[in-house]
Amino acid sequence: MKHFVNIFKYSLFLSLVVAMASCGGDDDGGEEEDTTLSDQAELLVQGTATVSSAKLDGNNGDIDWDGFTVTFSGNQDGGSYTTTATGDQLLVWPASGNWEFGNDTGTIVSRSDGTDMSMSVGKNALELTFDVSTSGSGRVLVVDGEWIFKFNF
């Protein structure tokens, strides 16, 4: 009988431990919610973004980007953009066009000129990375390569 009481105590204790461990509440494990396309679009279209730096393959390149801005409008289904691009800047950024998300996570923005841009956006900053290829143009000005644009809102 003593042996039976000990087994019963251990079984009861083990049942209580399992029951308490399974009571985790309604939280989702403390993980952040996934960002939706709507969230990404809302950040992208929040206002005019002014360039803070523009690098071609990690260097400043030959084009002066002072005062360059881009403004996106639309929603998670895409929209349009306008820039203040002039002169040589137009070799990299059209003055205007359309855009749409190129993936389900909103980290790729596709321009209507066929350029896909990797995007990172927040409340105060936007970073766009994309490749430019102008094969066979015979230009002296170097614009081909990976461009990284950082903007402030």
Side-chain angles (χ1 to χ4, degrees), residues 14-153:
L14 184 60
S15 297
L16 287 171
V17 168
V18 169
M20 290 181 74
S22 65
C23 292
D26 291 342
D27 68 353
D28 60 357
E31 296 178 16
E32 293 183 23
E33 293 182 27
D34 290 336
T35 303
T36 65
L37 285 180
S38 180
D39 296 335
Q40 289 289 83
E42 187 176 317
L43 290 169
L44 183 62
V45 302
Q46 67 182 302
T48 299
T50 304
V51 73
S52 59
S53 75
K55 302 283 186 186
L56 171 59
D57 293 328
N59 300 305
N60 288 331
D62 296 331
I63 300 174
D64 180 13
W65 293 98
D66 287 341
F68 177 77
T69 64
V70 61
T71 305
F72 289 89
S73 61
N75 58 32
Q76 69 270 10
D77 296 323
S80 61
Y81 67 89
T82 57
T83 72
T84 57
T86 60
D88 293 334
Q89 295 172 345
L90 292 167
L91 299 171
V92 180
W93 270 98
S96 63
N98 296 315
W99 68 273
E100 65 183 9
F101 286 118
N103 62 6
D104 292 337
T105 60
T107 56
I108 302 290
V109 173
S110 298
R111 292 190 324 212
S112 53
D113 67 352
T115 301
D116 289 336
M117 304 181 292
S118 297
M119 178 184 76
S120 173
V121 64
K123 291 180 181 177
N124 300 315
L126 168 66
E127 181 173 309
L128 297 169
T129 303
F130 57 93
D131 290 322
V132 172
S133 177
T134 56
S135 61
S137 66
R139 254 195 264 342
V140 176
L141 186 67
V142 177
V143 296
D144 289 2
E146 181 184 67
W147 284 91
I148 300 175
F149 283 84
K150 294 183 181 183
F151 298 91
N152 295 320
F153 287 108

I want to check something: taking the side chain as every heavy atom from C-beta on, are [X] and [Y] in contact at a cut-off of under 4.5 Å?
X: Ile63; Y: Val143; result: yes
X: Asn60; Y: Lys55; result: yes
X: Asn124; Y: Phe153; result: no
X: Trp65; Y: Gln89; result: yes
X: Trp99; Y: Val45; result: yes
X: Leu128; Y: Ser118; result: no
X: Phe130; Y: Val109; result: no
X: Val70; Y: Phe149; result: no

Legend entry - Donor-acceptor under 3.5 Å (Thr48 side chain, Thr71 main chain): no

Legend entry - Over 12 foreign heavy atoms within 6.0 Å of CG, Asp77: yes

Inset, instruction - Return yes when atom CD of Glu146 has more than 12 non-hydrogen atoms of other residues, nucleotides or ligands closer than 6.0 Å, and no otherwise. - result: yes

Legend entry - Modelled atom types, side-chain donor and acceptor of Ser80 and Ser73, under 3.5 Å: yes

Inset, instruction - Decide whether Asn152 and Thr50 meet the rule of one side-chain donor and one side-chain acceptor closer than 3.5 Å. - result: no

Inset, instruction - Would you check, one step at a time, whether the test side chain to side chain contact (heavy atoms under 4.5 Å, CB included) holds for Leu56 with Val142? - result: CA-CA 9 Å; Leu56 171 59; Val142 177; 3.9 Å; yes

Inset, instruction - On the 0 to 90° scale, with breaks at 30° and 60°, tag the Phe68-Trp93 ring pair as parallel, tilted or perpendicular. - result: tilted

Inset, instruction - Could you tell me the separation between the OG atom of Ser38 and the CD atom of Gln76, rounded to the nearest 0.5 Å? - result: 4.5 Å

